[in-house]
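A short write-up of the structure that comes next.
Both backbone and side-chain heavy atoms feed into the values below; hydrogens, waters and symmetry mates do not. Read the numbers this way: they start at 1 and go in the same order the structure lists the ligands and their atoms. Keep in mind it's a predicted model, so treat the numbers as computed, not measured.
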Amino acid sequence: MATEASSTDPTNITIPSHTKAWFYSQHGKPLDILKLHPNWPIPQLKHDQLLIKVVAASINPVDYKRMHALFKDSDPHLPIVPGFDVAGIVIKVGSEVVRFKVGDEVYGDINEEGLSNLKSLGTLSEYTIAEERLLAHKPKNLSFIEAASVPLAMETAYEGLERADFSAGKSILVLGGAGGVGSFAIQLAKHVYGASKIAATSSTGKLQFLRNLGVDLPIDYTKENFEDLPEKFDVIYDAVGQVDRAVKAIKEGGKIVSIAPPGFPPAIFFVLTSKGSILEKLRPYFESGQLKPVLDPKTPVPFSDVIEAFSYLETSRAVGKIVIYPI
Ligand SMILES: NC(=O)C1=CN([C@@H]2O[C@H](COP(=O)(O)OP(=O)(O)OC[C@H]3O[C@@H](n4cnc5c(N)ncnc54)[C@H](OP(=O)(O)O)[C@@H]3O)[C@@H](O)[C@H]2O)C=CC1
Ligand SMILES: CC[C@H]1OC(C)=C(O)C1=O
């Protein structure tokens, strides 16, 4: 909802100066610190930025980890509006923007670096801002809810496979296959890279979900240890934080990538860099249906229930992504 302080753009779209947004001004549990602000100020657009009406936003573990002050040294000063992933409609463009125009349907992760130079105005807001290079045109066959579920998790999955030099004919073990990142890593390995064999870990109740995603060897971590299996792998994608065990399951000359602390050598530990170009590159795979968004059964969660959404995400039991909609 635009406020009385808004202005009217020549395209006759009302440009708001403030927005309703979830924010926190102290660290702690989402349940205790998240509040709804009726009039959060919207910063002036920089030349390479776009102002987006948020239609849907997905939440990620980094959001609650930031609330728990795990990254307070790299976080902007409080208060902060959390949220990295957005799918929405462009309502204003900066003077240097060339790939997008007002009215375009876009999606992306609005923080270029996963843990540094983070924006104070995140995506759990009616409006948000992002640089052109972080965004892509929403695939026409994806709803806004589906599109919002993709950016951070998909871009992390993709960057990890690239860092591991994954390629056709190689085998891969995904630790944490049912999560947001793991479920995309499996899909990319199968449909984009041409894996020879895909193994993944989950608890008992998610094994069929893994099979449906295309996993050849689902491993029930409540019943067996992946590192005790005779099979070793060319690449291991660790989305849980099990590098100490992964080193016993990797082939000679194989590569381990890790995204969950305490990643250490020989694993390649990284924090994603958000790139709209990755989403544009993967668009044909989404449009053909080879890549599919994975939505947790609780999705969509209405804007008013963001606190409950984080409480569930913090259980580390989500299947795919939790998306906030409508906003
Ligand atoms: N470095 C980076 O750039 C990034 C790091 N991350 C981090 O990576 C991790 C995963 O992120 P994301 O996928 O969004 O998380 P999710 O919250 O989506 O993961 C939930 C899933 O994790 C699975 N899981 C939990 N524990 C285990 C386990 N011991 N073995 C196998 N599966 C398990 C659960 O399945 P089940 O119920 O069967 O256990 C559940 O389906 C998080 O720690 C996150 O902070 C995420 C993105 C970027
Ligand atoms: C240090 C890993 C950290 O970075 C992101 C984006 C997370 O979700 C993390 O846990």
Side-chain angles (χ1 to χ4, degrees), residues 58-75 82-85 109-118 122 149-163 173-188 199-210 213 215 218-227 236-246 249 257-264 267-275 278 293-299 309-323:
S58 86
I59 58 176
N60 291 279
V62 64
D63 293 309
Y64 67 70
K65 291 184 174 183
R66 288 173 69 187
M67 290 179 213
H68 288 294
L70 290 185
F71 311 122
K72 69 177 185 305
D73 298 341
S74 60
D75 250 334
F84 286 60
D85 286 329
D109 165 0
I110 70 164
N111 285 308
E112 186 159 35
E113 298 307 322
L115 289 182
S116 49
N117 301 315
L118 297 167
S149 75
V150 169
L152 187 152
M154 174 62 84
E155 292 169 22
T156 304
Y158 181 85
E159 183 171 347
L161 294 173
E162 287 293 295
R163 285 173 177 268
L173 166 62
V174 179
L175 303 177
V181 177
S183 56
F184 279 140
I186 290 164
Q187 293 189 65
L188 287 171
T201 58
S202 79
S203 60
T204 312
K206 295 183 172 90
L207 295 174
Q208 187 55 47
F209 167 75
L210 295 182
L213 269 186
V215 169
I219 300 166
D220 183 343
Y221 69 79
T222 71
K223 295 188 173 129
E224 54 188 348
N225 296 322
F226 64 85
E227 67 271 31
I236 297 177
Y237 195 120
D238 170 34
V240 177
Q242 297 177 324
V243 168
D244 57 331
R245 295 170 53 188
V257 285
S258 181
I259 60 171
F264 45 80
I268 302 162
F269 181 82
F270 73 97
V271 176
L272 85 146
T273 298
S274 169
K275 293 176 184 168
I278 294 174
V294 181
L295 304 180
D296 183 275
K298 291 189 185 297
T299 287
F310 274 114
S311 297
Y312 178 61
L313 186 65
E314 283 195 285
T315 66
S316 290
R317 303 277 78 80
V319 176
K321 298 297 298 179
I322 298 168
V323 177

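- Near ligand 2, V62, K65, F71, L115, I259, F269, V271 each place a heavy atom less than 4.0 angstrom from the ligand.
- Of all heavy-atom pairs between A318 and K206, the closest is O-CE, 4.5 Å.
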Write none if no such pair exists; otherwise list each N/O atom of ligand 1 with its protein N/O partner under 3.5 Å and the distance.
{"from": "ligand 1", "atom 1": "1 (N)", "to": "I259", "atom 2": "O", "distance (Å)": "3.0"}
{"from": "ligand 1", "atom 1": "1 (N)", "to": "F270", "atom 2": "O", "distance (Å)": "2.8"}
{"from": "ligand 1", "atom 1": "3 (O)", "to": "L272", "atom 2": "N", "distance (Å)": "2.8"}
{"from": "ligand 1", "atom 1": "13 (O)", "to": "G180", "atom 2": "N", "distance (Å)": "3.1"}
{"from": "ligand 1", "atom 1": "13 (O)", "to": "V181", "atom 2": "N", "distance (Å)": "3.0"}
{"from": "ligand 1", "atom 1": "18 (O)", "to": "G180", "atom 2": "N", "distance (Å)": "2.9"}
{"from": "ligand 1", "atom 1": "26 (N)", "to": "R317", "atom 2": "NH2", "distance (Å)": "3.4"}
{"from": "ligand 1", "atom 1": "37 (O)", "to": "K206", "atom 2": "NZ", "distance (Å)": "2.5"}
{"from": "ligand 1", "atom 1": "37 (O)", "to": "R317", "atom 2": "NE", "distance (Å)": "2.7"}
{"from": "ligand 1", "atom 1": "38 (O)", "to": "S203", "atom 2": "N", "distance (Å)": "2.8"}
{"from": "ligand 1", "atom 1": "38 (O)", "to": "S203", "atom 2": "OG", "distance (Å)": "2.6"}
{"from": "ligand 1", "atom 1": "39 (O)", "to": "Y221", "atom 2": "OH", "distance (Å)": "2.4"}
{"from": "ligand 1", "atom 1": "39 (O)", "to": "R317", "atom 2": "NH2", "distance (Å)": "2.7"}
{"from": "ligand 1", "atom 1": "41 (O)", "to": "A318", "atom 2": "O", "distance (Å)": "2.6"}
{"from": "ligand 1", "atom 1": "43 (O)", "to": "K65", "atom 2": "NZ", "distance (Å)": "3.0"}
{"from": "ligand 1", "atom 1": "45 (O)", "to": "K65", "atom 2": "NZ", "distance (Å)": "2.8"}

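- The two residues G320 and S183 make their nearest non-hydrogen contact at CA-OG, 4.2 Å.
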Between V271 and V62, is a side-chain contact (heavy atoms from CB on, under 4.5 Å) present by the stated rule, with each step listed? CA-CA 11 Å; V271 176; V62 64; over 6 Å; no
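- The minimum heavy-atom distance between L115 and F71, with the atom names listed, is CD2-CD1, 3.4 Å.
- Side-chain N or O atoms of T299 include one that pairs as donor or acceptor with a backbone N or O of K321 at under 3.5 Å.
- S149 and F184 get closest at one heavy-atom pair: O-CE1, 3.8 Å.
- Counting non-hydrogen atoms of neighbouring residues, nucleotides and ligands closer than 6.0 angstrom, the NZ atom of K275 reaches no more than 12 such neighbours.
- Nearest heavy-atom pair across L175 and A246 is CD1-CB, 4.3 Å.
- No side-chain donor-acceptor contact under 3.5 Å links S58 to the backbone of D85.
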